[in-house]
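Chain naming here is simple, since letters A, B, ... match the order of the sequence lines and numbering starts at 1 in each.
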Number of protein chains: 2
Amino acid sequence: MKVSIKDIAKRAEVSPSTVSRALKNHPRISAAMCDRIQTLAHEMGYVPSEAARLLVGQQTPTIGVAIPDFSDPFYMNMLMGIEEVAIAHQHELFVGSFNQDLHRQRKLFDAFDQKRLAGVVVAGSLVDAAYLSRAQANAPAVLVNHYDYPHAVAVDQKRGISKAVNHLVSLGHQRIAYVSLGTTTDSDSLRYAGYLDALETANLPTHSDWVIAGDGGLQGGLAAADKLLQATAVPTAVVCYNDRTAIGVINGLHQHGYAVPTDFSVIGFDDLEIAGYFLPSLTTLRQPHIHLGRQAAEKLFALMHGATVQAELLEPELIRRNSTGPVRATMD
Amino acid sequence: MKVSIKDIAKRAEVSPSTVSRALKNHPRISAAMCDRIQTLAHEMGYVPSEAARLLVGQQTPTIGVAIPDFSDPFYMNMLMGIEEVAIAHQHELFVGSFNQDLHRQRKLFDAFDQKRLAGVVVAGSLVDAAYLSRAQANAPAVLVNHYDYPHAVAVDQKRGISKAVNHLVSLGHQRIAYVSLGTTTDSDSLRYAGYLDALETANLPTHSDWVIAGDGGLQGGLAAADKLLQATAVPTAVVCYNDRTAIGVINGLHQHGYAVPTDFSVIGFDDLEIAGYFLPSLTTLRQPHIHLGRQAAEKLFALMHGATVQAELLEPELIRRNSTGPVRATMD
DNA sequence: AATAATTGCGCAAACGTTTGCACAATTATA
DNA sequence: TATAATTGTGCAAACGTTTGCGCAATTATT
């Protein structure tokens, strides 16, 4: 069995309270005693029980993070940002994914709750906010890229996609498609709204063949390319829900013998690291992933310390690379 | 404050023990009582305290996972495999990264220990196994892609790289370079050994200019391409520590006006999802990521249930795609 | 109708830690 | 030299659960 403070107390012939205090250099314990206890504790391989500490009213030095999916690099980058500031605050991360499944998400929130975590950050726009605020009634929470919550940090996704469309318009494109996330979430709705808005502002036509459901991943992008090429009027440019979708689309077009940006312009969203290394490199909207994570974590710690924070909306930046270019003369 | 079992007991005018039992449908509690307590508990928003449970000798339904880095998709895929079986066993994941820093890793192991986790899986070849086994004396641990440990699941990395070299040899390549991880870990040593072995078996020359330090990521691959092109005798093929490095290399070569596989053959390791979607698609050695994670987790749960397990060595499979081809006629 | 088994519930201890309070011994102040 | 302040340590309660044991009331067995 694990060695406890009592075991040390017995060996040292002092009371448990003295041991407890000596271990944390309590001012009322003599330096000699502190030394003696600490080396003894180390010898005996003592490891404090976080559970016992938690029970007497302390906080777990742990914050929970809920992400939709381990396979999306965007969230991983965000995680790195969160982890960075968590470590700076001497906290650990408890990470769980819920795979766009609200049931799983609730389970996760329950786990957070049972563990009495110090705080929680939830990523993604699919979140059962009601459940969250009920469960985490006394642990603060910060949401990333979700809007219906008091504490959030998000990028302006609608504006981002509008920028993408405007960029394509400025290159002369008139038939512009959108490949969506495929599941109905705020993120997708907002981006789609940005697409429609910009099109309307530019007085450009929409077409039901031009909005295709992807799946947020490479496979979905690939499949979307097939459908795009079967449209009654084939578009010349496509803006994608995210970079991974864009890469899938480019690959799909390539399989049909088309080149980007010669034959089609394709634009992504996220600016994943791979976006700069893909061939062609991806024009995209940069989400400041790591910054987003850092901001969320900073806000969370502020909340945990009783401060009040306000939501923050960041503007994504258009990164021009080689997947977009002027519209080709004509399409037969 | 959080509502406790005692609060429920008071409201229901029964003893805490009855509440505790009623909540888990103890056979000696009447069905009526169970119902009454359970609905009451739900109304009052009761959430059991894991800490208290842990204290009375139960296990945390949580396993710890230590990974080198959130930015490497390989580990993320592995995580998904682990998570899959963890959920099946009603356990949650506590994930931490240590960024190839042994000090951070120890901190992480300490955290695992303080939380009295049920078990631990550690990914990557850089692990302080001594520290781990001391700390986790009574919690079982499984290692992924590490060899000096009783319980491990790994792919044969040396054999994998040898396969890569053999493939290139069969295509007629004679000057074959290796881009390493850059930091000295078992994984890198093994892959490098596989490279040397295969070269020797094939009676091919080595050259100090042909082994270049990368960083395991895209940036390192890009930089490596520059150095490769400056070699006294420029190689015709390059085998890379992993897929991300390979993508970086291809991109670097591209920036210098060279095409793959026309001018150079490049081969990766991992078979990340992106490997099939990159242009050109990557020839690589498949590590069965998800399977690896699943296996590790299965072994861990077996250990937790007192079974004995043995280490497992999987053979990576060569996936031929479009980043390798026959050696070009001549290099000027 | 007496005994045995079963059913339903409460008591109290235990898990490992922290912390307010008390108390003795030492040292500083008047 | 008496009193006050300081220093070093121990007692015991508390945190929220679980669980072995005991006991009464009910039901089943002869």
Original post:
Just how far is it from atom NZ of A:Lys2 to atom CG of B:Asn138, taken to the nearest 0.5 Å?
Top reply: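 Interatomic distance, A:Lys2 NZ to B:Asn138 CG, rounded to 0.5 Å: 4.5 Å.
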Subject >> Gap between atom CG of B:Leu54 and atom OG1 of B:Thr60 - 0.5 Å precision >> reply: 3.5 Å
Rounded to whole angstroms, how far apart are [atom1] on [X] and [atom2] on [N]?
X: A:Asn25; N: D:dT9; atom1: CG; atom2: P; answer: 13 Å
X: B:Leu23; N: D:dT18; atom1: CG; atom2: C1'; answer: 12 Å
X: B:His26; N: D:dT19; atom1: NE2; atom2: C1'; answer: 8 Å
X: B:Leu54; N: D:dT17; atom1: CG; atom2: C1'; answer: 11 Å
X: B:Lys10; N: D:dG16; atom1: NZ; atom2: C1'; answer: 12 Å
X: B:Ile29; N: D:dA24; atom1: CD1; atom2: C1'; answer: 15 Å
X: A:Gln58; N: C:dG16; atom1: CD; atom2: C1'; answer: 12 Å
X: B:Lys6; N: D:dT18; atom1: NZ; atom2: P; answer: 13 Å

Original post:
Charged N to carboxylate O under 4.0 angstrom, B:Glu43 versus B:Arg36?
Top reply: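 No, no charged N to carboxylate O under 4.0 Å.
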**OP:** State whether B:Lys299 and B:Glu312 are salt-bridged, where the test is any N-O pair (Lys NZ or Arg NE/NH1/NH2 against Asp/Glu carboxylate O) under 4.0 Å.
**Re:** yes
Original post:
In terms of the nearest nucleotide of DNA chain D, which residue is placed more toward the 5' end: B:Pro16 or A:Pro16?
Top reply: A:Pro16
Give the nucleotide from the list [options] with an atom nearest to the side chain of [X].
X: B:Ser4; options: D:dT9, D:dC15, D:dT17; result: D:dT17
X: A:Arg28; options: C:dT17, C:dA22, C:dT7; result: C:dA22
X: A:Val56; options: D:dT9, C:dT17, D:dT17; result: C:dT17
X: A:Met33; options: D:dT9, C:dC9, C:dT17; result: D:dT9
X: A:Ser17; options: C:dC9, D:dG16, D:dA12; result: D:dA12
X: B:Val14; options: C:dC15, C:dG10, D:dT9; result: C:dG10
X: A:Arg116; options: C:dG16, D:dT17, C:dC9; result: D:dT17

Original post:
Any donor-acceptor pair under 3.5 Å joining the side chain of A:Arg21 to the base of C:dG20?
Top reply: yes
Subject >> Distance-only polar pair, side chains of B:Gln100 and B:Thr183, donor-acceptor under 3.5 Å >> reply: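 No donor-acceptor contact under 3.5 Å links the two side chains.
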Phosphate OP1/OP2 of [N]: any [X] side-chain N/O under 4.0 Å:
X: A:Ser20; N: C:dT18; value: yes
X: B:Ser49; N: D:dG16; value: no
X: A:Arg53; N: C:dT18; value: yes
X: A:Lys2; N: C:dC15; value: no

**OP:** For B:Pro27 and for A:Ala51, locate the closest nucleotide of DNA chain C by heavy-atom distance; then report the residue assigned to the nucleotide nearer the 5' terminus.
**Re:** B:Pro27
Original post:
Touch check for B:Val47, heavy atoms < 4.0 angstrom, all strands: base, sugar-phosphate only, or nothing?
Top reply: sugar-phosphate
Subject >> Parallel, tilted or perpendicular: ring planes of B:His91 versus B:Phe301, cut at 30 and 60 degrees >> reply: perpendicular
